[in-house]
Amino acid sequence: MKVAVAGCCHGALDKMYETLELLQRRHNVRPDLLLCCGDFQAVRNEADLRCMAVPAKYRHMQTFYRYYSGEKKAPVLTVFIGGNHEASNHLQELPYGGWVAPNIYYLGYAGVVRFRGVRIGGISGIFKSHDYRKGHFECPPYNQQTVRSAYHVRNIEVFKLKQLKRPIDIFMSHDWPRSIYHYGNKNQLLKMKSFFRQEVESNTLGSPAASELLQHLKPTYWFSAHLHVKFAAFMQHQTTSKEELPKATKFLALDKCLPHRDFLQIIDVEHDPSAGDSLEYDAEWIAVLKATNSLINVTPTSWNMPENNGLHAKWDYSVTEEAIKEVLEELNHNLKIPCNFTLTAACYDPSKPQKKVEPVHTINPQTTEFCAQFGLTDINDRIQQVKEEGSVRGEHEEEEEEEEMDSTGSAEEPSEYNTDNSGLSSINPDEIMLDEEGGDEDLSTCSVDPSPDHPPDFSASFSDIRIMPDSMAVSSDDAMDSTNEELEKSGVSKQVEEKSLNERPLKRIGGNENGNSGIKKIKRRNQAIYAAEEEDKTE
């Protein structure tokens, strides 16, 4: 079957689906499935915009809300993972995955599904070491720290995926697996993105967690995005025993969805002709979720996953064939994922803007149903319980402090039970935090620039589209030009017009008024990635 793979979508769904329709008209090629590797931006309304960690000029409504409302429907089944620029409050409703709109499925914090017999896995977010060992404790309304930590990868998701034993056909991550650049045309990559050099040479570019998964899962294909550059690699895995057959992974990173960018790829994937056209649960993954349910942590406390170090009674949570069989029996061997999409928030109405609407913590019926069916913990329900318990504790301790003040004239130290868990995570200095003027973004306001009701015809500005062959093998650094030349020959290249959007800076909040308001806290790499005009000049 034909699978289309897209890089960072950034909410431009109309553009992405317009590209697929043009592909069919010009080349009679119709993908059976579309995969998106993060920064999907499933923004339903103004409250969702306020939950996106992006500079002011990127905070636009875009077109997802039309698919959420039912005004439009995705013309092809779309499966995506989360990135680091998402409506985190929306995706948080579906920690185990679910439908964000008809025919558009989110894989959750981590997940595995099947389509036509092809096994597809993914992990959402990006890696940051200071949040990696924490639980998923964040919930809206977010503050300046949690709006970022909400999309940071956690060790429990990596641990769950490492329990899988059966082969994975396709895997997606937003950030690249660390070291993958050593298996492709590294010199050509550094020609296109010279500001990667220090991180590449020190082997710090990319996610060590994703690298760990790559070595464990050994999928046939691995797709990523995030760095806004197209790059291919071929990794031959080492065998651990004489009986194990050699395995290799074809890696491809996609560019972002912008004009003159090669942001979409078509590949042919072997599938089961007898399988149906419905998206299906993966029985082994469901069994792993059940086996690891007791490990769920919804606090900012750091902790390690069980390992064979003498400190844990159990460290192997991989599942037996019997456990997988039990899952199949629970489902009566019907693995079809129910089409149970439900609206959980008001949809954006261009005629009635709601700029002051507050984001709320929502329990999604899809998650409730999924957890009830398989006996799992609803993470968001648990977070609310912890908050309520913390509030009660806080009230009791406030009463005790008042009594102490009455008797001694001074209050004791604040309680260790902080009712605002969101304040316990740290600001991530590696991410874009400030707008172009150097002020902190204000999460209480947002700039809403919806796309036009009648978008232009993009077809006139597309370049020729070509289909990627089965082989994606690349040359070594010694043949630095051949890989990218071949990639250009085999890629699906498109040029899309993009309407310029009005840019209104977000308001600044207090806390940065002591002489540092002009300091920009943006790393050079992120500046280069997100400053599109400068990037185009270098290319």
Side-chain angles (χ1 to χ4, degrees), residues 51 53 82 84 86 88-96 108-111 123-163 209 288-307 309 311-315 317 359-364 367-368 370-371 375-398 400 413-428 431 443:
C51 296
N84 59 315
E86 304 286 1
S88 294
N89 61 321
H90 185 192
L91 300 189
Q92 184 174 344
E93 296 178 12
L94 302 166
Y96 299 105
Y109 290 136
I123 186 166
S124 294
I126 61 172
F127 176 85
K128 293 297 174 185
S129 59
H130 56 265
D131 288 322
Y132 183 62
R133 296 188 299 124
K134 297 177 182 178
H136 291 289
F137 67 93
E138 302 90 347
C139 68
Y142 303 110
N143 61 27
Q144 289 290 341
Q145 291 77 42
T146 56
V147 74
R148 291 168 177 81
S149 65
Y151 55 71
H152 291 162
V153 170
R154 305 299 156 91
N155 59 356
I156 188 171
E157 312 304 342
V158 175
F159 182 81
K160 291 174 185 177
L161 289 165
K162 287 182 67 178
Q163 305 312 306
V288 167
L289 291 179
K290 293 164 70 74
T292 58
N293 188 60
S294 62
L295 301 177
I296 287 177
N297 173 25
V298 296
T299 74
T301 303
S302 295
W303 68 323
N304 294 316
M305 288 295 103
E307 54 183 318
N309 58 4
L311 300 177
H312 302 91
K314 180 179 180 181
W315 57 87
Y317 285 76
V360 296
H361 190 198
T362 302
I363 305 294
N364 193 300
T367 301
T368 302
F370 182 85
C371 292
L376 303 176
T377 297
D378 187 331
I379 294 175
N380 290 298
D381 184 57
R382 177 71 66 83
I383 290 173
Q384 287 193 358
Q385 292 177 17
V386 170
K387 287 179 64 178
E388 291 170 2
E389 292 171 0
S391 297
V392 171
R393 289 170 178 167
E395 289 174 3
H396 288 319
E397 286 166 3
E398 284 178 6
E400 293 174 0
E413 290 297 317
S415 166
E416 63 178 322
Y417 300 104
N418 191 332
T419 58
D420 180 14
N421 287 340
S422 63
L424 296 177
S425 64
S426 59
I427 295 177
N428 181 357
E431 294 168 11
L443 299 182

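Between Ile383 atom CD1 and Glu388 atom CD the span is 12.0 Å, to the nearest 0.5 Å. If you take CG on Asp381 and CD1 on Ile379, they are separated by 11.0 Å, rounding to the nearest 0.5 Å. Of the inter-residue distances, the one linking Lys387 atom NZ with Glu389 atom CD reads 13.0 Å to the nearest 0.5 angstrom.
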Is there a side-chain contact (heavy atoms from CB on, under 4.5 Å) between Val158 and Tyr132? Walk through the geometry before answering. CA-CA 10 Å; Val158 175; Tyr132 183 62; 3.5 Å; yes

Criterion side-chain contact (heavy atoms from CB on, under 4.5 Å) on Phe137 and Val386, from CA distance to verdict: CA-CA 9 Å; Phe137 67 93; Val386 170; over 6 Å; no

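No donor-acceptor distance shorter than 3.5 angstrom exists from the side chain of Asn297 to the backbone of Ser302, with no hydrogens or angles considered. With hydrogens and angles ignored, the 3.5 Å screen pairs a side-chain donor or acceptor of Arg154 with a backbone N or O of His152. Under the 3.5 Å distance criterion, the side-chain polar atoms of Thr292 are matched with a main-chain donor or acceptor of Val288.
Residues satisfying the side-chain hydrogen bond (donor to acceptor under 3.5 Å, both in side chains) criterion with Asn380, sequence neighbours excluded, are Gln92, His361. In terms of the side-chain hydrogen bond (donor to acceptor under 3.5 Å, both in side chains) criterion, Thr368 has no residue partners (sequence neighbours excluded). Applying the ring pair (Phe, Tyr, Trp, His ring centres under 6.0 Å) rule to Tyr96 yields the partners Phe370; only residues at least two apart in sequence or on another chain are considered.
Side-chain contact between Tyr151 and Leu91 is absent, with no heavy atoms from C-beta onward closer than 4.5 Å.
Classification of the Phe159-Tyr317 ring pair by plane angle, with boundaries at 30° and 60°, yields perpendicular.
At a cut-off of 3.5 Å, with distance as the only test, no side-chain donor of Glu93 or Asn89 sits close to an acceptor on the other residue.
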